[in-house]
*Asks:* 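Take a look at this one; I'll ask things after.
Throughout, a chain's letter reflects where its sequence line sits, starting with A, and its residues are numbered from 1. These numbers come from a predicted model, not from an experiment.
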Protein chains: 2
Amino acid sequence: MALKHAVLAALLGGEYSGYQLTKIFDVGVSNFWYAAPQQLYAELTRLEADGLITGREVVQKGRPNKRVFTVTEAGLGELTAFAAAPAKPLLIRDDLVVKVHAVDRLDPAPVIAQLRERAREAAAKLDLFRQILARLRGDLDEETFLREGEHVGPYLSCLAGCRLERETHDWCLQTARTLTERAARTEGRTP
Amino acid sequence: MALKHAVLAALLGGEYSGYQLTKIFDVGVSNFWYAAPQQLYAELTRLEADGLITGREVVQKGRPNKRVFTVTEAGLGELTAFAAAPAKPLLIRDDLVVKVHAVDRLDPAPVIAQLRERAREAAAKLDLFRQILARLRGDLDEETFLREGEHVGPYLSCLAGCRLERETHDWCLQTARTLTERAARTEGRTP
DNA sequence: CATGACTACTCATATCGATGACTATCGCTA
DNA sequence: TAGCGATAGTCATCGATATGAGTAGTCATG
């Protein structure tokens, strides 16, 4: 299982409801895993049944009540076992790279448009991640925080997200430029 | 579908047998998709049934015969449609980042070991990718090749792989160093 | 006072992907 | 000559993921 551990890791950061987790795991914010709302609710139910998390009803006024969850001792044990197990190699599955790989035999225009769009998204995510990093380290500078801060896990994982988004952004723009220039030259040649 | 298009894109590079594709898609080599052998054979059967590729028996001496596949016109059409469709956001699913995210509450030792191991793997992949790039561009330099070369798709997608592996490598080592230093300080404090 | 947007969550299903176990031939080496 | 590793592939199955549709209350806006 996989989502399981991602949910447990996310819940180490505090008490969250299913709905709040959907925000954390939503396309924009999760820097290490993606999951749809339905998957999360299902996973939370399973985790609670297995005793790895406990739920607590929170009565709210003005909006529906919610159940918030915390990791139990058993849950921590599960995470420990997970951390000790050999890591599976990173799985990348990117539609866009597949399209670029095949672009020589295809119309480059839609691919270029998607590269630009992806670059925009990556820039937005990068911005968001930088804000999260700034909030996490408070008024310490990065070096000091990494040496002396209390919780560096989320900071370090967010740094990974930053790197990925920055590279994605740069690669997309450079690739879009290359393809655009080539398209212009080909047009000039076969009018 | 997803693997489908990755296979079609890979087959644009030439005629390959199922077994050759398993090598290309194997953990080390695929810079854009991973698939197990069984998935590939199943996918090839389906693609041939749908007329998107055609198989050709190649009789070999000294080793079992094999069937090699080529993309048909219909297959190219499918790829064109795929390229024009909006790209799905990149899905990252990385066990190791989840472990790092949770590391504050866990024993850091196995996580550090896995970070070092991942860094080694990334360095090896990076090496391999650089060789592939050198082979693809022949004796042109990168800039000239990207401007004037015939098939830049595989080159561009491999560049994406390079960036990813380089960042992975650097992040893993930096994170391992940070965690190691923190572990040393904590040991000194609680003996 | 109707409409849409946001919070909060559920059910059902189809497709995808991961895994283990198996067959068979050839060439090389101990 | 037995065994190993590489080539070349098949079958079956389980669990994970993706997607569509649906419920229900609250709040603000026009």
*Asks:* Which pairs with one or both residues in residues 101-115 of chain B pass side-chain hydrogen bond (donor to acceptor under 3.5 Å, both in side chains), sequence neighbours excluded?
*Replies:*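 Every pair satisfying side-chain hydrogen bond (donor to acceptor under 3.5 Å, both in side chains) with a residue in residues 101-115 of chain B: A:S157-B:H101, B:K99-B:Q114.
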*Asks:* Can a donor-acceptor pair be found between the side chains of B:H5 and B:E78 at a distance below 3.5 Å?
*Replies:*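 B:E78 and B:H5 do have a side-chain donor-acceptor pair below 3.5 Å.
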*Asks:* With A:E148, which residues qualify under side chain to side chain donor-acceptor pair (under 3.5 Å), at least two apart?
*Replies:*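 Here no residue qualifies.
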*Asks:* State whether the distance check finds a donor on one side and an acceptor on the other, under 3.5 Å, for side chain A:Q38 versus base D:dG20.
*Replies:*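 Between D:dG20 and A:Q38, which were checked side chain against base, a qualifying N/O pair under 3.5 Å is present.
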*Asks:* Cut-off 3.5 Å, side chains only: do A:R185 and A:T180 have a donor facing an acceptor?
*Replies:*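 Side chains of A:R185 and A:T180: no pair found under 3.5 Å.
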*Asks:* Please tell me which of the listed nucleotides, C:dC9, D:dT17, C:dG17, lies nearest to the side chain of B:R93?
*Replies:*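 When the side chain of B:R93 is considered, D:dT17 is the closest of C:dC9, D:dT17, C:dG17.
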*Asks:* What is the distance from NE2 of A:H5 to P of D:dA16, rounded to the nearest Å?
*Replies:*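 So the two atoms are 10 Å apart, to the nearest Å.
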*Asks:* Please report the distance, rounded to the nearest Å, between CG in B:L3 and C1' in C:dA18.
*Replies:*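 Distance check: B:L3 CG to C:dA18 C1' gives 12 Å.
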*Asks:* Using modelled atom types and a 3.5 Å cut-off, is there a donor and acceptor pairing between side-chain atoms of B:R67 and backbone atoms of B:Y16?
*Replies:*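 Side chain of B:R67 to backbone of B:Y16, a donor-acceptor pair under 3.5 Å: no, none is there.
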*Asks:* With respect to the phosphate group of C:dC9, does any side-chain polar atom (N or O) of A:T22 fall under 4.0 Å of OP1 or OP2?
*Replies:*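 Result: no.
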*Asks:* Indicate every side-chain donor-acceptor pair of residues 49-59 of chain A with a distance under 3.5 Å to a residue at least two apart or in another chain.
*Replies:*
| residue | atom | partner | partner atom | Å |
| --- | --- | --- | --- | --- |
| A:R56 | NE | A:E15 | OE2 | 3.0 |
| A:R56 | NH2 | A:E15 | OE1 | 2.6 |
| A:R56 | NH2 | A:E15 | OE2 | 3.3 |

*Asks:* Could you state the OH-C1' distance from A:Y34 to D:dT17, rounded to the nearest angstrom?
*Replies:*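 Distance, rounded to whole Å: 10 Å.
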*Asks:* What N/O pairs connect the protein and nucleotides 4-7 of chain C at under 3.5 Å? Give each pair on its own line.
*Replies:*
| residue | atom | partner | partner atom | Å |
| --- | --- | --- | --- | --- |
| C:dT7 | OP2 | A:Y19 | OH | 2.9 |

*Asks:* Round to the nearest Å and state the distance from B:Y41 atom OH to C:dC16 atom C1'.
*Replies:*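 Between C1' of C:dC16 and OH of B:Y41: 20 Å.
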*Asks:* Taking five pairs at each end of the helix from C:dC1-D:dG30 to C:dA30-D:dT1, what angle separates the two helix axes (nearest 10°)?
*Replies:*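 Comparing the first five pairs with the last five, the axes sit 20° apart.
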*Asks:* Return the 5'-most residue of the pair A:A36, B:F69 with respect to DNA chain D, ranking by each residue's nearest nucleotide.
*Replies:*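 Result: B:F69.
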*Asks:* Specify the separation, in whole Å, of atom CD of A:Q39 and atom C1' of D:dG15.
*Replies:*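 Atom CD in A:Q39 sits about 13 Å away from atom C1' in D:dG15.
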*Asks:* Going by ring pair (Phe, Tyr, Trp, His ring centres under 6.0 Å), name the residues that satisfy it together with A:F145, two or more places apart in sequence or in a different chain.
*Replies:*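 Per chain and number, A:F145 pairs via ring pair (Phe, Tyr, Trp, His ring centres under 6.0 Å) with A:Y155.
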*Asks:* Cut-off 3.5 Å, side chains only: do B:R118 and B:T175 have a donor facing an acceptor?
*Replies:*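 Short answer, no.
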*Asks:* What integer distance in Å separates B:K66:NZ from D:dT10:C1'?
*Replies:*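 Whole-Å distance recorded here is 19 Å.
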*Asks:* Rounded to whole angstrom units, what separation is found between the CG atom of A:L40 and the C1' atom of D:dA16?
*Replies:*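 Checked: the CG to C1' distance equals 14 Å.
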*Asks:* Specify the separation, in whole Å, of atom CD of A:E43 and atom P of C:dC11.
*Replies:*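 A:E43 atom CD is separated from C:dC11 atom P by 16 Å.
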*Asks:* Around atom CG of B:D141, are there more than 12 heavy atoms of other residues, nucleotides or ligands at under 6.0 Å?
*Replies:*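 Atom CG in B:D141 is packed in, count exceeds 12.
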